[in-house]
Amino acid sequence: MSATTRLPDRDPLPTYLAPVPKRLEDLGLRFAWLVVAINLAGTAFGFWYYSGQFAETPAVMWPWVPDSPMATLFIALAIAAWKLGYEQPWLTSLAFFGNIILGLWTPYTLLAFSDAYGYLHPLMFQFLFWSHLAMVVQAFVLHRITDFPVWAVAVALVWYASNLVVDYFIPIVGDPHHTSIPVDRDEPMYLGADALGVVAAGEVTFTLLALFLALATCVKKVQSSRTT
């Protein structure tokens with residue numbers, strides 16, 4: 001199969017499933033290789049950013065440590081596969097889940113612990129905040145290159161559910177493997193929750209959101225195909 005040259009059509013999805021304007025979607029797809037390069041650069045930065053946590057984590061658990069860099073790697077690979085004419089629904093679903101979950105979870109965490117993150121340079125804080133929100137934007141373009149078949153969504157759900165388990169519930173090897181937070185895990189926070197509970201609540205919520213969005217997109221695309 002030859003590399004993709006024509007932009008895929010935009011299905012008539014409701015705004016909550018396709019909130020990015022078509023012009024912006026088209027721009028991202030036309031400059032897909034630039035988007036791939038930017039995400040690979042972000043992946044490299046992210047692995048460097050997690051270098052200290054890698055040093056403290058048993059090597060067997062490393063795949064569950066760099067959540068955001070893995071998400072940008074997934075989307076870089078997913079878009080590259082599509083451009084080469086070999087879109088992989090399971091990979092695109094992983095990219096969608098990862099960029100929705102981590103694109104929202106990181107700004108949520110930065111705001112929840114904003115005082116404790118005072119050690120970050122203001123520019124680094126702003127970079128982390130807005131670059132992760134940009135991950136959400138690019139996730140909402142992926143409906144143009146995949147139909148989110150249920151089996152592919154299941155693959156993504158299994159991976160990110162395992163991530164929740166080792167991050168917050170059963171670490172398997174060593175301590176919980178979530179991104180380090182700048183306070184003690186049992187620090188009292190909101191509504192009687194401790195710090196670990198606050199970050200866990202965010203990630204569980206965003207995982208369920210990604211699941212809903214992917215399956216709703218799948219259903220709407222099937223309905224649209226039956227009416228055309």
Side-chain angles (χ1 to χ4, degrees), residues 35-36 38-79 90-113 116-117 120 124-125 127-140 142 153-183 185 195-214:
V35 174
V36 169
I38 291 171
N39 278 278
L40 289 177
T43 299
F45 171 81
F47 277 105
W48 169 81
Y49 189 85
Y50 280 90
S51 58
Q53 195 166 346
F54 280 132
E56 299 174 356
T57 303
V60 69
M61 300 305 298
W62 282 2
W64 286 272
V65 170
D67 294 336
S68 294
M70 289 296 290
T72 53
L73 179 60
F74 285 148
I75 201 167
L77 295 176
I79 294 174
W90 63 272
L91 183 56
T92 309
S93 294
L94 282 169
F96 181 80
F97 269 65
N99 281 262
I100 291 290
I101 296 168
L102 280 309
L104 292 173
W105 182 85
T106 300
Y108 161 82
T109 303
L110 288 171
L111 292 177
F113 302 101
Y117 276 114
L120 287 175
M124 176 60 77
F125 186 97
F127 169 75
L128 292 173
F129 188 91
W130 295 107
S131 64
H132 281 79
L133 286 182
M135 292 168 63
V136 181
V137 174
Q138 65 181 3
F140 277 115
L142 294 177
V153 174
V155 171
L157 179 61
V158 167
W159 172 254
Y160 280 100
S162 76
N163 197 68
L164 287 173
V165 169
V166 301
D167 275 2
Y168 305 109
F169 304 108
I170 307 173
I172 309 297
V173 177
D175 294 327
H177 305 291
H178 64 82
T179 302
S180 298
I181 54 178
V183 298
R185 294 169 183 161
L196 187 63
V198 168
V199 293
E203 192 166 342
V204 169
T205 299
F206 301 139
T207 301
L208 294 174
L209 175 63
L211 176 63
F212 166 74
L213 292 171

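Keep in mind the model is a prediction, meaning the values are calculated, not measured. The figures here come from the full heavy-atom set of this structure, side chains too, leaving out hydrogens, waters and symmetry mates.
Aromatic ring orientation, F97 versus Y160: parallel (interplanar angle below 30°, classes split at 30° and 60°). Note: F140 and F96 have perpendicular aromatic rings, judged against thresholds of 30 and 60 degrees for the angle between ring planes.
With rounding to the nearest 0.5 angstrom, the CZ atom of F169 is 8.0 Å from the CG atom of L196. Between the OG atom in S68 and the CE atom in M70 there is a gap of 11.5 Å [rounded to 0.5 Å]. A distance of 9.0 Å separates CD in E203 from OG1 in T106, rounded to the nearest 0.5 Å. Rounding to the nearest 0.5 angstrom, the gap separating the CG atom in L73 from the CG atom in N39 is 9.0 Å. The distance from atom CZ of F113 to atom CG of L111, rounded to the nearest 0.5 Å, is 11.0 Å. The CG atom of L128 sits 6.0 Å away from the CG atom of L110 when rounded to the nearest 0.5 Å.
Of all heavy-atom pairs between W105 and V199, the closest is NE1-O, 3.0 Å. Heavy atoms only, all atoms of each residue included: L213 and I100 are closest at CD1-CD1, 4.4 Å. Minimum interatomic distance between Y50 and V65 (heavy atoms only, all atoms of both residues): CE2-O, 3.4 Å. In terms of heavy atoms, I75 sits closest to A139 at CD1-N, 4.4 Å. Of all the heavy atoms in P63 and W159, the pair that sits closest is O-CZ2, 3.8 Å. Closest approach of A210 and I101 over heavy atoms only: CB-CG1, 4.2 Å.
The shortest distance between side-chain heavy atoms of D167 and D67 falls below 4.5 Å.
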Item to complete: Report the C-alpha separation of L104 and L209 in whole Å, then their side-chain angles, then the decisive distance to 0.1 Å, and conclude whether the side-chain contact (heavy atoms from CB on, under 4.5 Å) test is met.
Response: CA-CA 10 Å; L104 292 173; L209 175 63; 3.8 Å; yes
Practice prompt. Might you work through the side-chain contact (heavy atoms from CB on, under 4.5 Å) test for F54 and F47, ending with a clear yes or no?
Written response: CA-CA 9 Å; F54 280 132; F47 277 105; 3.7 Å; yes
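Aromatic pair F129/Y117: centroids not less than 6.0 angstrom apart.
Side chain of S93 to backbone of A156: no donor-acceptor contact under 3.5 angstrom is found.
Checking each of I79, I38, N99 against Q138 for a side-chain contact (heavy atoms from CB on, under 4.5 Å) leaves exactly one that passes, namely N99.
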